[in-house]
Each structure stands twice: as structure tokens, then as C-alpha cells.
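Letters go in sequence order (proteins before strands), and every chain restarts at 1. These numbers come from the heavy atoms of this one structure, side chains and all, not from hydrogens, waters or symmetry mates.
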2 protein chains.
Amino acid sequence: MEAAAKPAPAAKGRGRRGTRASGDDRERAILETAERLLEERPLSEISVDDLAKGAGISRPTFYFYFPSKDAVVLTIIDRLVAAAAGSREEALATLAQGDPQAGLRRALEDLYGAFRARRAVTLAAAELRMTNPEARDLWAQVMEGWVTDTTAVIEAERARGAAPPGEPARNVATALVQMNERVQYASFAGESPALDQDRVLDVLVEIWLRAIYGSAAHT
Amino acid sequence: MEAAAKPAPAAKGRGRRGTRASGDDRERAILETAERLLEERPLSEISVDDLAKGAGISRPTFYFYFPSKDAVVLTIIDRLVAAAAGSREEALATLAQGDPQAGLRRALEDLYGAFRARRAVTLAAAELRMTNPEARDLWAQVMEGWVTDTTAVIEAERARGAAPPGEPARNVATALVQMNERVQYASFAGESPALDQDRVLDVLVEIWLRAIYGSAAHT
DNA sequence: CAACTCTATCAACACTGTGTCGAGTAAGTC
DNA sequence: GACTTACTCGACACAGTGTTGATAGAGTTG
């Protein structure tokens, strides 16, 4: 849905305002500077001037390439989201054939890996989401994709009798997907009550499996 | 732990800098203005000037009462956190005697209610947490409290044989508590994939019960 | 090659918001 | 009536954002 594959058709207001040019280097320099600085400090502590300086241009020149700091980060998030969408497709394919429980684990692993590989960007996305409607929408689309897929899996498993009935599949899917988001964020951000990076998956998988396949025993 | 009961001993830098005075009215006016404005728009769109104007004072005078906008919101969050801590104690007491599963539901209900009752403040807390270390720490303490309690419950249930073994109790507790936070936030904020306000509890309770008491059946 | 265009650049400006300083006023208190 | 203490705000200094207008250079193109 969101964007095309690689050439990037420059969505709406995002990106440079003119057309193509050799200033592609500058544009790339800005994006790279942003990614680099995000490894060091939160988005709120990065100014347009930092990005301009990092790319070797003045602040006004920055505005020739991007309409705002947010636009730079949105471009970066777009790429992360596109990569993650790839992971999701793959995961779905794996799930379709073979043991769904093992497939589920692999799916969660892929997703986790996609975001952990770009930890700083993931964190920036969460930060930007708080103040920027476009970021909020973009993230909402991502979440919606996973919720939809997860809902389908749960319904399929219930239909074939492998999973017991329970709360509406979409509701369960929503809660599980949001749990993953939060748990992964806390882990990446190094929050205080948070799971160890290498235990995240074990815990999430266990809860997903129990939520989908387990019925609560009664005392 | 955090603060005292009602007189508020003015923690560290927070609150007015002098001592007591009739200017208590002003301080209250600022806090009330902040709460009112937070019902209307996000924290990032509220300026110190808005708070001062709302309290009928000039901007410099605002700084006589609070060192920053963040300090005002932190004070408000403190109160929410204190109220929520009350709910937690109550919930724990309920849990201690009687049916743990019913108790668990009541506990989640109380928590949910405490935050839903102050939706705007809850949302502001999440926003502030992104940029303010003090807010981050405060929230971390809150989370830690619930994780600790939940861990104890899970371990007790496993010990008495009511719950099957599984991932370390604290890890499961962490994931569940974080799930609740995220799901409730999404619901309050009216995000796009989010649970309906009146279905949140049913879904969360089912997942908690299955995560704690259910073992995943194998296909 | 001269006129013309288009990309690219930046100094200087206008604006918004934060936080501080210092000079007050007004209400006790001794 | 002199002195403190609580409180108030105009004016300032700063930091950050986004815009304007002038200009330089690299290609066309007649």
C-alpha cells in the first residue's frame, strides 16, 4: 500500500521540492547525518542546524532539500517500514505452509530482527509519533498490517480446531501486536523494567502461543 | 515511596520555590489550567504563556511558582501516580484472599479505571516521558511496582500448582504489564488499530489468564 | 558566445517560545 | 516608620524554526 519499491516517488510534501539533480549527494548526506545523530541522541535534541552542519551545508540550504526536520525522519522511517513490510510478507509465507506454531515464532523473530537492526530509527519513530500526525498515520498503517495478518492466523487456527474460541480474534491480535511493540521498545530503549534483549522473543512467543492456543484452566 | 500524602513536601526542584503563602491560589490555578488545557490539546501544543494566561498571571510570574512547564505536568502526574498506587494496594489486598482469577480481573479493572478517569493526564505522561528524564523515572517506578506485584502473583500461583511453569515469572509479568500500558494508551488516544474502550478489559483479562494459567496446547 | 534558465547556496530577517534579571509594589512585623 | 518577605512583571538574552532575496555557477539554446 504505502510506497513503491526502491526509486521512491517522493511522497507528497516529503523530500526535495524540485526534481532530480546532482544535489542527490546532499540529500543523502542529510539522511545519513540524521541516522548517525539518532544513534547518539534523541530526535528532540537534534536541530535542523545539526543536520545541515553534518551535511556540510547551511541551515537555509537544508530547507531546499527537506521542508522540515520531521520530513527527514519520516523519509528514514518510510524505509524502515518498507523493510519491515518485506519481513512481514516473508513471515506470512512461512506461516501459510507447515507448522503454524513454529511459523509464528519465525514471524516474530523476523519482525523483531527488522526493528532491532535499526534500533535508533525505531526509537525516533516512537518519539515523532507523539507530535507528528503523519508519523502517527504511518505507524498506524504498519500496526494495522500486522493486526490484520495476525487476526487471519488466529481465525484460521480456530476454524481448523487447533485453537479454542475466545475473545474476537481481531481484539486478541490487536493486544498482542501492541504488546510486542511496547516490549520491544522498552527493550531497545533500555527502560528500567524491560526484558533482556535476548529473552524478549522467548517471552513474547510463549504469551502469543498461550493467548492463541491455550484456554485458561480454571483454578 | 515517591511523595508524601496531601500537604506535598515539594519534591526537589518541583513546585514553588519559596515556602507557603496565599499565592496557593495561583499555584492551584496553574495546575487547574494545565489539566483543563490537556483535555483540549497535547502537551506539546501548550506553552508556558498559555498556562500563565489561564491562571491570570504574566509569564515571568509563572516562573515564581514553577520552574518549567514540565514541572507543572510532573506535579499533576505525581498525583495520578499516587492515586494509582492506592488502586494497586487495594487490588493486591483483594488478590491475597479469595479466588486469584476473579481477583486478577478486579485488579486490572481498578488500574484501568484509575487511568481512564484521568485520560488526559495519562496521555500527557506518555508524551512527557519521551523528552523528560524525570517523567521517565517516575513512570519507571510505577511500572516497576506493578511488575513486582504481578511477578509475586505468578510465582505464588505456580508454587501452589494452580499455574503451570513457563518463562521466568518476572519476564512474563513485564510483558503483560507493558501490554496493558500500550493497549490502554492506544484506546485512550483513539489510535487506529485499538480496542474499544469497553472491550479492553475483557481482552486483557483473557490474555493475562491464558498467559499465567494456560499452557500452549501442541497443535 | 551571449542571453536565458535552472539548480543550488547562504546572509539576513521575522517569528515563537523559553528562561532570567532587576526593579518594583503591597502586606505584614517589630 | 524602617525592614523584611511574598509576589509581580517589563525588558532582555537565547535558541530554534522557517522565509526572503540576492547571487553564483552549470547547462542549454538560439
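Rounded to an integer number of Å, the gap from Asp70(A) CG to dT17(D) C1' is 11 Å. A straight line from OH of Tyr65(A) to P of dT7(C) spans 11 Å, rounded to a whole angstrom. Distance CG (Asp24(A)) to C1' (dA26(D)): 16 Å, rounded to an integer number of Å. Rounded to whole angstrom, the span from the CG atom of Asp25(A) across to the P atom of dT9(C) amounts to 10 Å. Regarding Phe62(B), its CZ atom lies at a distance of 15 Å from the P atom of dG17(C), rounded to whole Å.
Less than 4.0 Å separates DNA chain D from at least one heavy atom of each of the following residues of residues 35-59 of chain A: Ser47(A), Val48(A), Arg59(A).
The phosphate of dA6(D) (OP1 or OP2) has no side-chain N or O of Arg26(B) nearer than 4.0 angstrom. Taking side-chain N and O atoms only, Thr61(A) has a distance below 4.0 Å to OP1 or OP2 of dC10(C). An OP1 or OP2 oxygen of dC7(D) is reached within less than 4.0 angstrom by no side-chain nitrogen or oxygen of Tyr63(B).
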**OP:** Run the numbers on Ile30(B) and Ile57(B) for side chain to side chain contact (heavy atoms under 4.5 Å, CB included), then give the verdict.
**Re:** CA-CA 9 Å; Ile30(B) 292 172; Ile57(B) 56 180; 3.9 Å; yes
**OP:** Test Leu43(A) against Leu128(A) for side chain to side chain contact (heavy atoms under 4.5 Å, CB included), laying out the working first.
**Re:** CA-CA 8 Å; Leu43(A) 180 57; Leu128(A) 194 59; 3.8 Å; yes
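Remark: Tyr185(A) pairs with no residue by the ring pair (Phe, Tyr, Trp, His ring centres under 6.0 Å) rule, at least two apart or across chains.
The pair Arg170(A)-Glu155(A) fails the salt-bridge criterion, with no side-chain N (NZ, NE, NH1 or NH2) lying under 4.0 Å from an Asp/Glu carboxylate O. The pair Arg136(A)-Glu191(B) does not count as a salt bridge, with every side-chain nitrogen at least 4.0 angstrom from each carboxylate oxygen. Taking a cutoff of 4.0 Å between a charged side-chain nitrogen and a carboxylate oxygen, Arg105(B) and Asp202(B) qualify as a salt bridge. A salt bridge is defined here as a Lys NZ or Arg NE, NH1 or NH2 lying under 4.0 Å from an Asp or Glu carboxylate O, and Asp24(B) with Arg28(B) fails to meet this definition.
Checking side-chain atoms of Lys69(B) against main-chain N and O of Ile46(B) turns up a donor-acceptor pair under 3.5 Å.
Counting only heavy atoms from C-beta on, Phe64(B) has its side chain closest to dT8(D) among dG18(D), dT8(D), dA12(C).
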Can you name the atoms? Protein N/O to nucleotides 22-28 of chain C N/O, anything below 3.5 Å, with the distance.
none

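Nearest heavy atoms, Ala173(A) versus Ile154(A): N-CD1, 4.1 Å.
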